[in-house]
J.: 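Mind having a look at this structure? Questions to follow.
A, B, ... follow the sequence lines: proteins, then strands. Residue 1 opens every chain.
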Protein chains: 2
Amino acid sequence: MGRDPHRAADGPSGPPTLADVAALAGVSRQTVSNALNNPALLRADTLERVRDAVDTLGYTPNRAARNLRTKASRLIGLRLTPFAEETANATVDRFVHSLVQASREAGYHVLLFDGDDPSDPASGYDELVRSTAVDAFVVTDTFKGNPQASYLEDSRVPFVAFGRPWTPAALHPWVDVDGAAGTAEATAHLLARGHRRVAWIGWRKESPIGEDRRAGWSRTLRGHGLSTSGLASRVEDTVRSGHEAAGVLLDEAAPTAFVCASDTLATGVLRQLHERGLVAGRDVAVVGFDDSPVAQLLPGGLTSVRQPLEEVAVQVVDRLGKLLGHRETFGSGTLLAPHLVVRGSS
Amino acid sequence: MGRDPHRAADGPSGPPTLADVAALAGVSRQTVSNALNNPALLRADTLERVRDAVDTLGYTPNRAARNLRTKASRLIGLRLTPFAEETANATVDRFVHSLVQASREAGYHVLLFDGDDPSDPASGYDELVRSTAVDAFVVTDTFKGNPQASYLEDSRVPFVAFGRPWTPAALHPWVDVDGAAGTAEATAHLLARGHRRVAWIGWRKESPIGEDRRAGWSRTLRGHGLSTSGLASRVEDTVRSGHEAAGVLLDEAAPTAFVCASDTLATGVLRQLHERGLVAGRDVAVVGFDDSPVAQLLPGGLTSVRQPLEEVAVQVVDRLGKLLGHRETFGSGTLLAPHLVVRGSS
DNA sequence: CGCACAGCTTGGATCGATCAAGGGAGACGG
DNA sequence: CCGTCTCCCTTGATCGATCCAAGCTGTGCG
């Protein structure tokens with residue numbers, strides 16, 4: 001009764017199909033389809049019979065056929081940025097793990113890709129959209145002026161951003177972590193430990209994320225009636241930059257603590273302290289951002305602000321589901337709070 | 001001439017199809033299909049006409065339809081293991097990046113998934129196979145007794161392993177890095193620096209990878225007429241274990257150098273040295289394995305064996321291509337050489 | 001008795017690309 | 001003038017699930 005008359009002789013020519021299940025259960029294809037997609041339509045005993053047949057055959061609906069018919073792939077696209085060497089940054093990788101898990105629970109899989117031309121924001125996206133290979137995208141690197149987001153908005157592709165839209169006009173759904181709250185907590189923590197001269201080492205002004213994190217620091221200091229002048233530095237996100245900035249600040253402003261926009265920068269600070277014979281956590285306190293493996297494993301440990309990436313992923317997938325289900329799609333955003341992980345450096 | 005009579009009035013109902021291109025170019029669907037998949041069959045002028053039409057419409061073949069017909073998805077499945085905290089291990093993440101890139105160059109995308117039940121090796125694989133969602137798998141965690149590999153071999157699913165089959169009977173294609181060669185290079189490097197008592201801290205005996213790496217160390221020492229007795233320790237892959245093992249070895253065997261099976265263990269050694277007031281690289285040398293961000297960023301830097309993951313990914317995809325093209329599939333393996341990255345710790 | 005209705009079947013079309021034949025025009029030889 | 005052989009292109013069927021519109025059967029109820 002299989003779809004291929006030679007099947008019995010030649011052995012199975014592939015995975016079982018709907019028709020095979022129907023034949024085994026003694027029902028029609030339509031009924032099997034209903035059993036899977038609309039079980040309420042079936043009588044209990046029929047449903048059970050069909051399900052038994054599904055189990056014995058090990059039937060799983062053919063993805064391609066279903067995708068073709070329903071015009072949906074249940075795949076979420078994520079463009080992977082190149083792996084950053086000489087950097088503590090593991091945020092993307094941690095996020096990928098979380099996203100995969102959250103997606104699975106929502107019945108999605110994650111499709112990774114990268115653009116053949118990294119400078120072109122649309123590279124890679126375009127082809128996947130037009131070939132209907134993915135239902136939606138998750139965009140992570142919104143901080144670089146966010147060219148992806150505007151491109152995607154223009155081409156009406158469903159997507160959710162991990163990262164706030166820093167351009168006012170943007171209307172897409174997003175999930176982000178409140179960086180300012182994180183650095184504020186870090187700064188408050190340092191103040192509670194008695195520090196009064198708390199320095200900031202962050203990213204260049206062009207980075208909205210960097211400015212956001214910086215705001216948490218300055219806000220907290222001023223809230224305690226302390227000055228921030230001469231205590232801040234804005235540099236590239238490299239260990240070397242952190243190292244140099246710390247040197248300058250130590251010479252010119254004599255801070256007793258540092259809050260950094262990243263663990264990478266904090267690592268540079270630790271290196272500077274080490275060179276001067278200063279002990280982190282005893283002589284000078286240091287706090288990083290991201291709770292990277294480096295922060296966890298550095299001797300003594302680096303106090304760091306940890307982003308709740310698992311929760312971010314869950315929220316992202318949730319919004320994605322709403323977006324694709326055509327329910328409330330308007331530029332709603334969620335801001336999650338990070339928390340401070342205190343280690344030996346503070 | 002569109003497939004939908006209301007199309008002109010309602011606007012485009014989706015991406016253009018083969019039929020749309022055919023209509024615009026004034027040829028049949030099949031000719032358009034040939035233009036894309038078998039251009040040699042067309043006359044030059046026709047080919048150009050079709051290509052123009054493709055460009056003006058921005059046509060990309062519908063993935064689902066193609067997959068259904070050709071019974072291939074051009075997707076490679078990769079099961080992601082949970083992100084390991086408190087560990088230097090970034091190998092998987094680096095590999096994922098490389099794999100995505102190598103796959104793209106071969107016309108594949110990477111589908112990430114994770115099993116809902118991590119203890120079941122087949123979890124997740126099964127569904128993807130039966131639904132024909134992926135063409136093949138890349139299996140990375142072959143070191144855990146390799147249950148995936150045997151399951152996949154049994155179910156005749158195409159896959160390539162990153163990691164040697166440590167069970168003799170296995171016949172699948174694989175690509176791996178010669179860990180013994182890496183630790184041998186590390187040990188030789190230490191001997192060249194004048195060390196004579198070089199200790200080993202590795203994984204438990206159950207780990208074939210650990211034993212392989214250990215072999216490089218012991219082989220090199222013995223090759224130089226040096227004894228290994230009392231200089232080796234086998235522990236869990238945690239910082240704490242490395243720390244403890246280093247303590248015991250320092251007390252009982254007085255080594256002047258350590259070779260470790262991972263950066264995680266090496267980090268533990270560094271911590272032990274630090275506690276004793278010993279300076280890594282001056283008093284005692286340490287070499288890790290994996291060239292993780294932690295190795296790169298630790299103060300002074302950790303000398304480490306770096307795996308050529310980019311090359312591994314290229315080889316894996318290459319074998320995958322051969323496997324799926326039904327060309328030479330027999331258990332052929334490739335062993336790539338790692339290289340030592342020397343930093344301050346040695 | 002007849003009607004409604006739940007529950008299933010039947011047959012077909014559909015998604016969009018590809019496969020396996022089939023057809024027509026021109027060239028060439030007899 | 002006709003056969004036949006290429007070359008180039010077209011036609012119809014197909015992949016497997018879903019959707020749609022009837023149609024059929026048995027049960028319950030007025």
Side-chain angles (χ1 to χ4, degrees), chain A residues 1-7 12-23 25-50 53-54 57 59-74 129-133 135, chain B residues 1-7 12-50 53-54 57 59-74 130-133 135:
Chain A
M1 302 296 279
R3 65 188 185 290
D4 179 356
H6 302 291
R7 183 144 176 185
S13 59
T17 71
L18 252 199
D20 297 327
V21 177
V27 297
S28 68
R29 284 174 311 156
Q30 182 67 60
T31 300
V32 179
S33 179
N34 286 338
L36 299 172
N37 304 318
N38 227 331
L41 292 178
L42 300 205
R43 227 188 321 157
D45 60 329
T46 315
L47 183 58
E48 192 183 357
R49 204 146 38 90
V50 174
V54 167
L57 290 179
Y59 169 76
T60 305
N62 182 301
R63 275 288 240 277
R66 171 174 282 179
N67 294 352
L68 177 59
R69 188 69 240 248
T70 62
K71 297 184 177 304
S73 63
R74 302 208 71 91
V129 173
R130 293 190 315 211
S131 64
T132 65
D135 290 347
Chain B
M1 302 294 280
R3 65 190 184 287
D4 180 354
H6 302 293
R7 183 143 178 186
S13 59
T17 72
L18 255 197
D20 298 327
V21 178
L24 181 60
V27 296
S28 69
R29 287 171 310 156
Q30 183 62 47
T31 300
V32 178
S33 176
N34 286 337
L36 298 173
N37 304 319
N38 229 332
L41 292 178
L42 301 205
R43 228 187 316 152
D45 61 328
T46 314
L47 182 58
E48 193 184 356
R49 206 147 36 90
V50 174
V54 167
L57 291 178
Y59 169 76
T60 306
N62 182 299
R63 273 287 238 278
R66 172 175 280 179
N67 294 352
L68 175 58
R69 190 66 243 245
T70 62
K71 297 183 180 305
S73 63
R74 302 208 70 90
R130 293 187 316 209
S131 63
T132 65
D135 290 346

J.: Looking at A/Thr70 and A/Arg66, would you say the former's side chain and the latter's main chain have a donor-acceptor pair under 3.5 Å?
T.: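 Yes.
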J.: Can you check whether A/Lys71 has a side-chain N or O nearer than 4.0 Å to OP1 or OP2 of C/dG16?
T.: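 Yes, within the criterion.
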J.: Rounded to whole angstroms, how far apart are CZ on B/Arg63 and P on C/dA17?
T.: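 From B/Arg63 CZ to C/dA17 P: 13 Å.
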J.: Let's see if you get this right: which residues in residues 39-47 of chain A place a heavy atom under 4.0 Å from DNA chain C?
T.: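 Within residues 39-47 of chain A, the residues near DNA chain C are A/Leu41, A/Leu42, A/Arg43, A/Thr46.
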J.: Judged by atom type as modelled, is there a donor-acceptor pair below 3.5 Å linking the side chain of A/Ser73 to the main-chain atoms of A/Ala133?
T.: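 Yes: the side chain of A/Ser73 pairs with the backbone of A/Ala133.
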J.: State which residues pass side-chain hydrogen bond (donor to acceptor under 3.5 Å, both in side chains) with A/Arg130; sequence neighbours excluded, sorted by chain then number.
T.: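 Only A/Asp126, B/Thr60 meet the side-chain hydrogen bond (donor to acceptor under 3.5 Å, both in side chains) criterion with A/Arg130.
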J.: Indicate every side-chain donor-acceptor pair of residues 39-50 of chain A with a distance under 3.5 Å to a residue at least two apart or in another chain.
T.:
unit_1  : atom_1 : unit_2  : atom_2 : d
A/Arg49 : NH1    : A/Ala25 : O      : 2.6

J.: So, for A/Val21 and A/Val32, which heavy atoms are closest and what is the spacing to 0.1 Å?
T.: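 For A/Val21 and A/Val32, the tightest heavy-atom pair comes out as CG1-CG1, 3.8 Å.
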J.: Find the distance B/Arg66:CZ to D/dT14:C1' and express it as a whole number of Å.
T.: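 So the two atoms are 17 Å apart, to the nearest Å.
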J.: Side chains of B/Tyr59 and B/Leu36, heavy atoms from C-beta outward: is any pair under 4.5 Å?
T.: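 The answer is yes, as the side chains (C-beta and beyond) meet within the 4.5 Å cut-off.
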J.: Rounded to 10°, tell me the angle between the two end axes of the helix from C/dC1-D/dG30 to C/dG30-D/dC1, each built from five pairs.
T.: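 Answer rounded to 10°: the end axes differ by 60°.
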J.: Tell me the interatomic distance from A/Asn62, atom CG, to C/dG16, atom P, rounded to whole angstroms.
T.: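 Those two atoms, CG and P, are 17 Å apart.
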J.: Near DNA chain D, which residues from residues 29-38 of chain A have a heavy atom under 4.0 Å away?
T.: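 Those residues whose heavy atoms fall under 4.0 Å from DNA chain D, taken from residues 29-38 of chain A in numerical order, are A/Arg29, A/Gln30, A/Ser33, A/Asn37.
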J.: Over all heavy atoms of both residues, which pair between B/Arg74 and B/Arg63 is shortest? Give the atoms and the distance, please.
T.: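 In terms of heavy atoms, the two residues are closest at O-NH2, 4.2 Å.
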J.: Need one value for A/Ser28: base, sugar-phosphate or nothing, where a base atom within 4.0 Å counts as base even if backbone is also close, heavy atoms only.
T.: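 Base contact - A/Ser28 has a heavy atom under 4.0 Å of at least one base atom.
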J.: Can you measure B/Leu68 atom CG to C/dT18 atom P for me and round it to whole angstrom units?
T.: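 Atom-to-atom, B/Leu68 to C/dT18, this comes out as 11 Å.
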J.: Nearest of C/dG16, D/dT10, D/dT18 to any side-chain atom of A/Leu18?
T.: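 Nearest nucleotide to the side chain: D/dT18.
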J.: Which residue lies toward the 5' end of DNA chain D, B/Ala65 or B/Arg49, if each is placed at its nearest nucleotide?
T.: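 The answer here is B/Arg49.
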J.: Taking only the side-chain heavy atoms of A/Arg69 (C-beta and beyond), determine which of C/dT10, D/dG16, C/dG16 contains the nearest atom.
T.: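 It is D/dG16.
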J.: Can you tabulate the close N/O pairs, meaning under 3.5 Å, that link protein atoms to atoms of nucleotides 23-28 of chain D?
T.:
none

J.: Could you verify whether a donor N or O on one side chain and an acceptor N or O on the other, from A/Thr132 and B/Asn62, lie under 3.5 Å apart?
T.: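 Result is yes, a qualifying pair exists.
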J.: Can you tell me how far the OG atom of B/Ser33 sits from the CD atom of B/Gln30, to the nearest 0.5 Å?
T.: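 Between atom OG of B/Ser33 and atom CD of B/Gln30 there are 5.0 Å.
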J.: So, OP1 or OP2 of C/dA17: does either fall under 4.0 Å of a side-chain N or O from B/Tyr59?
T.: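 So the side chain of B/Tyr59 is within the cut-off, an N or O lying under 4.0 Å from OP1 or OP2 of C/dA17.
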J.: Side-chain contact, heavy-atom cut-off 4.5 Å: A/Asn67 with B/Asn67?
T.: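 The answer is no; the side chains never approach within 4.5 Å.
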